[in-house]
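Residue numbers start from 1 in every chain, and the chains themselves are labelled A, B, ... in the order their sequence lines are given, proteins ahead of strands. Basis for what follows: all heavy atoms, side chains included, without hydrogens, waters or symmetry-related copies.
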Amino acid sequence: MDIIEIVNLSHRFSNGTLGLNKINLSIRKGTFVVIGGLNGSGKTTLLKHLNGLLLPHTGIVKINGVPVSKNLLRARQIVGMVFQDADSQIVGETVYDDVAFGPENLLLNRAEIEKRVSEALTCVGLIDIAEQRPHVLSGGEKRRLTIAGILAMEPQVLVFDEPFSNLDYPGRQQVLEQILSLHASGHTILIATHDLEDVMTYADRLILMKDGVVVKDGSPDKLIDDLIVLGILEPRGFRFEMEMPS
Amino acid sequence: MTELTILGYCSGDSVLHKTDVRFKIACLIMISITTISANFWALSMLTLVLAVTFMHVGLSLTSAFKTLRYVFVLLMFIFIARILSSPGTPVFAFSKISVTREGIYDGVSICWRLLDVIVVGILFVSTTRSLEIKSAVAWLLHPIPFIPAKRVATMMSLVMRFMPVILDQARETADAQRARGVENRKNPIYRMSKLGIGLMRRTFERADKLAYAMEARCYSEERTDPALDSDSNDWIMLVFVMALCIAMTVV
């Protein structure tokens, strides 16, 4: 079953630049999809249409069969988005407050909010520092906190925009493990990145974008040769013809 | 890592952290009004209480001095203006400039009052979540007709929440400009304009990103705010502050 359907989606920015041009995509429930492309290729613009942060100029985006523009709150609850800059996403004064932000916006009662926050923090391993100020966390912890903030809204789809940017190796590992465990628990995962190093092996599907257009779409192992043509760095394992860890 | 400032909520377990925010606002208003006409004895009494509270809350004095360094500069200007402009018995005179005994007294007392009020504000901000402030402001404004209480409260809580972010941004921009030798430019207007333009641009960019992130998590004025609960401890605190204010008035 397709959880996301995008039909003939185009978006033009206020300065006249065409951000997306006639995108047609369907994403099956429970899949792990990576959207690759250089900076400015339209990845983030596409993701922002999935929960109505941007609305299409032409075309339609449906979540579970319902157009996003018909019910923005529903779309935002189903599609949780983790942004590139964790610092800009954290709004709470403590780790707990930040995770509670989403459920509070959903007008849930206090007991349900506490339950969801506690579950989300346990899931990302931050429950012991619930009263900590978010600004003192490490990069990896901040990214996991943003994931917890989304998980507390119980989304079905998790969308990550450049989830590994500005992270050191342990931070990347922590975030990757988190993403894999969320995928294993049945979430649909969409990752937009220009750096395919960490995620290529785990993806069910690779979508490559350039200048606001989907230029390739298929199984990651079949699109390896297209990466260099599009100026995207191949993952190290493929470059040195090594076997990637599974 | 972001440098921590005390101009933001610091989690803790102190009496102030547990006090109902409405009572804290009432105390803040009472102390501020009483301080306007406080004499040296009253100010000494208040400063002593504030120092004990500051230590009890567990705030760092070093961090406080760092955060308030520009306030000290402002206070210094106020002090200088006061000692040079107040008429009275001259202590020191040079040409047409004279420093008077009354000027020194006025300058010290005004700066002291301002500093005490600022410390009260810091204690309030560092022990109160911005969402609690939002709930309290909405509760206070609710009976007043024609005022959109929730909207005003939301705006206030956002300002409170993002003050440290803007200060942090200002520090980063200033550091980046110092790294490119802005200190060689002696004209303060040039330096202020360069800092201001960069800071405004980055603050707006960051505000844009924040707005997207908050929208993505379904933010609106209608949300489950923290519950406002008062108990006997809050009333004890209020009575204590009232007694302090009365004592400050009569000494």
[X] to [Y] - nearest heavy-atom pair and separation:
X	Y	value
Glu131(A)	Arg129(B)	OE1-NH2, 3.5 Å
Ala216(B)	Asn51(A)	CB-ND2, 3.8 Å
Ser88(A)	Ala213(B)	O-CB, 3.8 Å
Arg217(B)	Val91(A)	NH1-CG2, 4.3 Å
Tyr212(B)	Lys48(A)	CE1-NZ, 3.5 Å

Value rounded to 0.5 Å, distance of [atom1] in [X] from [atom2] in [Y]:
X	Y	atom1	atom2	value
Phe83(A)	Leu210(B)	CZ	CG	10.0 Å
Arg223(B)	Glu104(A)	CZ	CD	4.5 Å
Gln77(A)	Cys218(B)	CD	SG	6.5 Å

Practice item. Could I get the full list of ring-ring contact (aromatic ring centres under 6.0 Å, His included) partners for His11(A), not counting sequence neighbours? Key: Phe13(A), His49(A), His57(A)
**Study point:** Side chain, backbone, both or neither of Leu108(A) within contact of chain B (heavy atoms, under 4.5 Å)
**Key:** backbone
Point to revise | Pairs involving residues 134-144 of chain B, ordered by first then second residue, that meet side chain to side chain donor-acceptor pair (under 3.5 Å) (sequence neighbours left out) | key: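 Every side chain to side chain donor-acceptor pair (under 3.5 Å) pair that includes a residue of residues 134-144 of chain B, provided the two are not neighbours, is Lys134(B)-Asp225(B).
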Check your understanding: Hey, are Gln132(A) and Ser11(B) close enough side-chain-wise for a donor-acceptor pair under 3.5 Å?
Key ->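 The answer is no; no qualifying pair exists.
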Study note, to complete from the structure: Looking only at Ser130(B), Ser220(B), Pro226(B), most heavy-atom pairs under 4.5 Å shared with chain A are made by Ser130(B)
Exercise for review: Report the option among Val79(A), Asp98(A), Thr94(A) that has the most heavy-atom pairs separated by less than 4.5 Å from atoms of chain B.
Suggested key: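 Among the listed options, the one with the most contacts to chain B is Asp98(A).
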Exercise for review: With a 4.5 Å cut-off on heavy-atom pairs, point out which of Asp85(A), Leu106(A), Leu73(A), Asp97(A) contacts chain B the most.
Suggested key: Asp97(A)
